[in-house]
Amino acid sequence: MTQAAITARDLGRRYGRRWGLQHCSLEVPAGRVVGLVGPNGAGKSTLMNLLVGLLRPTTGELELLGDRVGPDTVLDRVSYIDQEHSLYRDFTVREMLTAGRLLNRRWDDGIATERLTELGIPLTTKVGRLSGGQRAQVALAVALAKQPELLILDEPVASLDPLARREMMSTLMAAKAERDCTIVLSSHVVSELERLCDYLVVLDHGHVKLVGDIDDLLEQHRLLVGPAATADLVSAQQNVLHREDLESRVSLLVRGIRPVGDANWRVRRVNLEELVMRYLFMSAQGAQEVAA
Ligand SMILES: Nc1ncnc2c1ncn2[C@@H]1O[C@H](COP(=O)(O)OP(=O)(O)OP(=O)(O)O)[C@@H](O)[C@H]1O
């Protein structure tokens, strides 16, 4: 797999007078596990709905797996699980699998039944009688049986308790290990994505704030912490993205570190959560400045 799984160029979607997503340009390489992060209203669901063709773009272009997105173009290569887990509650699990088989050309029953048997989820039970965690697992089994090249999950664990979250994430990791598909999953919670994802897209207020390979992003950024008295001097020599004042000390997020010739300053790596939070703080400050 060398092609891009997702290419968006100036993608935008307006709801009435308000933009849900605007000027979204990104290219996600195939085979990655992509974390789509952002606070409420950031545009995550809008982007996902555009990806799976449930919404039409107001502006721009979108290609999935090398094909322009349009009616019926590539959807049989894409599986989507929405926040409600897209299941019929009155169907038994087996009936859900039958529906999946009838509706999907690339369906492989064995993938779903093996997974559900391993998890001890009975095929004869009605979906509405399963626990939230079991329903999520059934939705995932159905999505995987379609043998997707691109699997998109909108906050797959948001409604689950911590144990069910962990199980769902483990199932996803195992599924990824078994097949070379691209996975996109959204969450508010960065720590949830850290174990699973190797690619990051941060959205806020309908705009892409940060995108890239997670290891590269962590390598490119550093936190410099030192005395407030020399903060301006140090800042002048660095590409400072964000400054946080902590009483007599200052913490600077920099991209592309240059040598710091002052022993009172400490340089340290950022973790993913800090990086995302700093970018969201920057975004919020930018919005305040625009509003002021
Ligand atoms: N159907 C709609 N009609 C009008 N505005 C909408 C609609 N759907 C989304 N929006 C607006 O578009 C923006 C982005 O919403 P979206 O649901 O994509 O964000 P999100 O990041 O998925 O949020 P959440 O984490 O709360 O689910 C928000 O301002 C939201 O109010």
Let's go through Leu280 and Val37 carefully: what are the C-alpha distance in whole Å and the side-chain angles of both, what is the deciding distance for side-chain contact (heavy atoms from CB on, under 4.5 Å) to 0.1 Å, and is it a yes or a no? CA-CA 10 Å; Leu280 292 178; Val37 195; 5.6 Å; no

Leu253 with Val267, same ILVMFWY side-chain cluster at under 4.5 Å: no

Distance, nearest 0.5 Å, that separates OG of Ser187 from CG of Leu153: 11.5 Å

Is it possible for you to say whether Val208 and Leu55 belong to one hydrophobic cluster, with membership spreading through side-chain heavy-atom contacts below 4.5 Å? yes

Evaluate the side-chain proximity of Thr230 to Asn264: yes if any heavy-atom separation is below 4.5 Å, no if none is. no

State, with a plain yes or no, whether a side-chain heavy atom of Asp82 is found less than 4.5 Å away from one of Leu54. no

Minimal heavy-atom distance between Gln238 and Pro259, with the atoms involved, is NE2-O, 3.7 Å

Is a side-chain donor or acceptor of Arg258 paired with a backbone partner of Gln237 at a separation under 3.5 angstrom? yes

Has the side chain of Asn104 got a donor or acceptor atom that lies under 3.5 Å from a matching backbone atom of Arg106? no

Under the criterion side-chain contact (heavy atoms from CB on, under 4.5 Å), I'd like the reasoning laid out for Leu185 against Val33: C-alpha separation, chi angles, the key distance, then a yes or no. CA-CA 8 Å; Leu185 66 161; Val33 183; 3.9 Å; yes

Of all heavy-atom pairs linking Gly38 and Lys44, the shortest is O-NZ, 2.8 Å

Among Thr59, Leu11, Asp10, exactly one meets side chain to side chain contact (heavy atoms under 4.5 Å, CB included) together with His23. Which residue is that? Asp10

Mind listing the closest non-hydrogen atom pair of Leu203 and Pro39 along with its distance? O-CD, 3.7 Å

Tell me whether Arg166 at atom CZ has more than 12 heavy atoms from other residues, nucleotides or ligands lying less than 6.0 Å away. no

Just checking Arg179: does its CZ atom have more than 12 heavy atoms from other residues, nucleotides or ligands closer to it than 6.0 angstrom? yes

Please name the pair of heavy atoms, one in Met173 and one in Leu196, separated by the smallest distance, quoted to 0.1 Å. CG-CD1, 2.7 Å

Just how far is it from atom CE of Met48 to atom CD1 of Ile81, taken to the nearest 0.5 Å? 10.5 Å

Could you give the distance from CZ (Arg135) to CE (Met168), rounded to the nearest 0.5 Å? 12.0 Å

Is it the case that the side chain of Arg222 and the backbone of Gly256 share a donor-acceptor pair, with hydrogens and angles ignored and the cut-off at 3.5 Å? no

Residue pair Glu244 / Arg278, side-chain heavy-atom distance below 4.5 Å: yes

Would you call His242 and Met282 a side-chain contact if the rule is heavy atoms closer than 4.5 Å? yes

Taking Leu160's backbone N and O only, do any of them form a donor-acceptor pair with Arg165's side chain (distance below 3.5 Å, no angle check)? yes

Verify the neighbour count for atom OH of Tyr15: are there more than 12 heavy atoms of other residues, nucleotides or ligands below 6.0 Å? yes

Co-membership, hydrophobic cluster, residues Leu252 and Val225, 4.5 Å side-chain: no

Walk me through it: do Val250 and Val234 pass the test side-chain contact (heavy atoms from CB on, under 4.5 Å)? CA-CA 11 Å; Val250 166; Val234 170; over 6 Å; no

Can you find a heavy atom in the side chain of Thr58 that is under 4.5 Å from one in the side chain of Trp19? yes

Under a 4.5 Å cut-off applied to non-hydrogen side-chain atoms, are His188 and Glu155 in contact? yes

side-chain contact (heavy atoms from CB on, under 4.5 Å) assessment of Val69 paired with Leu51: CA-CA 8 Å; Val69 172; Leu51 292 178; over 6 Å; no

Electrostatic pair Arg243:Asp232 at N-O distance under 4.0 angstrom: yes

Pair Thr182, Tyr199 - check side chain to side chain donor-acceptor pair (under 3.5 Å), show working. CA-CA 10 Å; Thr182 307; Tyr199 206 86; over 6 Å; no

In Å, rounded to the nearest 0.5 Å, how long is the span from CG of Asp213 to CD of Glu219? 10.5 Å

Crowding at CZ, Arg129 (>12 non-hydrogen neighbours, <6.0 Å): no

Say you draw a straight line from CD1 of Ile257 to NE2 of His221; how long is it, rounded to the nearest 0.5 Å? 11.5 Å

Salt bridge (Lys or Arg N to Asp or Glu O under 4.0 Å) assessment of Lys176 paired with Asp180: CA-CA 6 Å; Lys176 172 63 185 159; Asp180 194 15; 3.8 Å; yes

Distance, nearest 0.5 Å, that separates NZ of Lys146 from CD1 of Ile111: 12.5 Å

Backbone N or O of Asn271 within a donor-acceptor pair of the Glu274 side chain at under 3.5 Å? yes

Is it possible for you to say whether Val270 and Val260 belong to one hydrophobic cluster, with membership spreading through side-chain heavy-atom contacts below 4.5 Å? no

Is there a path from Leu241 to Ile214 through hydrophobic residues (I, L, V, M, F, W, Y) whose side chains come within less than 4.5 Å of each other? yes

Between Ser186 and Pro156 the two heavy atoms that sit nearest each other are O-CD, 3.6 Å

Under a 4.0 Å N-O cut-off, is there an ion pair linking Glu95 with Lys126? no

Mind checking whether Leu150 and Arg77 have side chains closer than 4.5 Å, heavy atoms only? no

Please give me the minimum heavy-atom distance between Asp154 and Ser45, naming the atom from each residue. OD2-OG, 3.0 Å

Is any side-chain heavy atom of Leu62 less than 4.5 Å from a side-chain heavy atom of Ile6? yes

